[in-house]
Participant: 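Input: one structure, supplied below.
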Amino acid sequence: MVSQLTSGFNTQAAPIASPILKTYRARTRKSAALFEAAQRVMPGGNSRQASFWTPHPLAIERAEGVHLFDVDGRRYLDMINNYTSMVHGHAYPPIVAAAERQIRRGTGWAAGNRMQNRLAEQIVARISSVDQVRFTNSGTEAGALAFTIARKITGRRKLLMARYGYHGSLMEFETGSFGHEGPITYLAAFNDLANFKAVLAKHGNEIAAVFLEPVLGSGGVIPATPEFLKGVKAAAHKAGALFILDEVLSFRFATGGCQEHFDIKPDLTMLGKAIGGGFPVGAVGGAAEFMKVFDPADLKVFHTGTYNANPVTMAAGDVAVRELTGERIAVMHGLAEKLKDGLIRAVKKAGLPVSVNHFGSCLNLYFSAAAPESSIVREDTKIMGMFHHAALNHGLFLAPRGMMALSTVMTDAHIDEALERAGAALKDVAAEVQL
Ligand SMILES: Cc1ncc(COP(=O)(O)O)c(C=O)c1O
């Protein structure tokens with residue numbers, strides 16, 4: 001087994017003699033040069049593990065609609081949309097207009113602004129468990145803040161999360177995505193209520209909060225069952241812990257967040273990604289009884305940040321959330337279904353094993369007959385890496401681990417095009433597997 005986290009996603013990919021890799025290198029010389037320069041001043045040549053892959057990641061010059069354009073002048077159909085955050089694609093005109101207008105009117109000050117009210121009002125109107133919200137600059141910060149709230153309320157120090165869950169790039173959460181328990185992190189298997197109950201029965205009095213994604217995102221696009229979510233919430237409450245639902249990714253799945261779909265009301269909700277309209281963002285929302293820890297008259301949690309609720313993010317996010325309508329969500333879901341069916345057909349046609357995890361507008365492709373427990377630890381790392389490079393060679397951009405996330409500006413024709421490009425990439429992979 002190879003962990004994609006420790007391997008940088010596909011360092012185990014095709015050997016140097018690989019025709020796919022040879023083509024990739026030949027097509028991406030300027031990206032390679034930029035990566036080499038980047039390595040001198042940034043360890044690993046990047047600041048984001050998820051935008052790194054071997055032998056070098058693409059450097060993107062600009063992005064528009066459904067397309068990315070790299071520094072070598074090549075165009076890619078973007079099938080991951082910045083890991084779900086660009087829910088309306090790139091440079092979406094209404095968001096560009098709102099952000100441009102705001103940039104001309106100033107980008108930050110240490111006082112309130114109208115735009116934060118508007119975005120907060122929309123979030124509160126859409127998510128029924130959320131009475132009030134605090135903004136941060138990333139989903140990771142939202143996780144840290146939610147954990148701080150839970151610690152203050154319960155007086156406890158530890159957390160429980162799903163093995164291969166992901167709540168941000170923070171040591172307490174990262175151990176979980178690696179599948180390891182940390183000094184303050186307990187793990188239990190996703191969708192295994194008995195396992196969560198057992199950990200809570202044994203360690204409940206140390207646990208401040210249980211964190212769960214309603215759909216494991218980076219873990220491989222695996223939806224929870226409603227019974228699991230409800231059972232974990234009840235068990236958390238029985239143990240005196242808070243139940244925190246991480247909707248950083250899953251907010252895009254329903255107008256009221258995924259909690260509406262699963263009919264579950266968490267104590268706190270983490271938000272991020274799509275609610276920033278393509279700008280850095282995070283948020284924690286919840287019932288007033290929990291959010292009162294920020295009440296200046298009786299302050300329990302000190303929370304500040306130079307760019308929290310900055311007017312540009314708020315203006316862009318306000319448009320992004322307003323334009324993420326139920327109709328548009330339904331269209332994305334239909335297109336993702338078509339993409340899934342088409343991918344399965346195409347991989348089978350190439351004579352390779354396949355399975356696809358799919359929920360809403362996201363999916364994860366596997367080159368194995370059954371999807372593994374997680375996309376992080378899997379048997380098909382080598383062939384996935386080959387496909388990733390081959391897809392890039394054919395102008396198709398997806399996550400190195402096989403994840404895809406659609407945007408509202410995609411059409412049926414884009415899915416047809418994606419399947420055509422994937423088919424060409426799969427031909428190359430099938431030929432190389434024979435070598
Ligand atoms: C479910 C979930 N929670 C938290 C995060 C962290 O958000 P950010 O990358 O904005 O720090 C992510 C990001 O991928 C996520 O998918």
Side-chain angles (χ1 to χ4, degrees), residues 4-5 9 46-52 80-87 127 133-148 150 159-178 185 187 190 209-224 229 243-254 257-259 261-262 264 266 268-285 305 307-310 313 316-317 320 357 359-364 374-376 398-405:
Q4 298 215 15
L5 279 174
F9 293 107
N46 76 90
S47 294
R48 184 185 184 192
Q49 186 70 25
S51 58
F52 166 77
I80 186 63
N81 286 292
N82 199 24
Y83 284 89
T84 75
S85 82
M86 311 302 298
V87 72
I127 305 182
V133 65
R134 290 283 288 208
F135 290 106
T136 64
N137 287 299
S138 68
T140 298
E141 282 180 49
L145 187 63
F147 191 29
T148 302
L159 69 91
L160 168 61
M161 62 180 277
R163 181 169 292 113
Y164 307 124
Y166 184 64
H167 305 292
S169 192
L170 190 71
M171 200 255 284
E172 289 81 352
F173 301 133
E174 269 177 349
T175 53
S177 9
F178 278 93
T185 311
L187 299 180
F190 192 69
V210 181
F211 284 78
L212 272 183
E213 292 161 86
V215 179
L216 277 192
S218 61
V221 189
I222 303 166
L229 290 176
F243 178 69
I244 299 174
L245 200 66
D246 183 344
E247 295 247 40
V248 168
L249 186 155
S250 62
F251 176 76
R252 63 159 38 224
F253 293 138
C258 219
Q259 54 195 267
H261 173 83
F262 285 114
I264 178 102
L268 295 175
T269 297
M270 286 163 58
L271 295 163
K273 293 196 190 273
I275 68 156
F279 290 86
V281 78
V284 178
Y307 287 107
N308 289 359
N310 78 81
T313 298
N357 284 346
F359 188 87
S361 50
C362 294
L363 57 82
N364 208 112
S374 141
S375 64
I376 295 161
L398 69 154
R401 63 170 179 262
M403 185 177 170
M404 303 183 209

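Everything quoted here is computed from the prediction, not taken from an experiment. Quick note: numbers below take in every heavy atom, side chains included, and nothing from hydrogens, waters or symmetry partners. Read the numbers this way: they start at 1 and go in the same order the structure lists the ligands and their atoms.
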Participant: Listed by chain and number, what are the side-chain hydrogen bond (donor to acceptor under 3.5 Å, both in side chains) partners of Q259, not counting sequence neighbours?
Facilitator: S129, E247, T269
Participant: If you count only heavy atoms, which residues are under 4.0 Å from ligand 1?
Facilitator: S138, G139, T140, Y166, H167, G168, E213, D246, V248, L249, K273
Participant: Taking only residues at least two apart or on different chains, which pairs with a member in residues 137-146 satisfy side-chain hydrogen bond (donor to acceptor under 3.5 Å, both in side chains)?
Facilitator: N137-N308
Participant: Is the F190 to Y164 ring centre distance short of 6.0 Å?
Facilitator: no
Participant: Heavy atoms only: give me the nearest S218-Y166 pair and the separation to one decimal.
Facilitator: OG-CB, 3.0 Å
Participant: Heavy atoms only: give me the nearest V87-A274 pair and the separation to one decimal.
Facilitator: CG1-CB, 4.0 Å
Participant: List for me each residue that meets side-chain hydrogen bond (donor to acceptor under 3.5 Å, both in side chains) alongside N310, sequence neighbours excluded, and say none if there are none.
Facilitator: T313
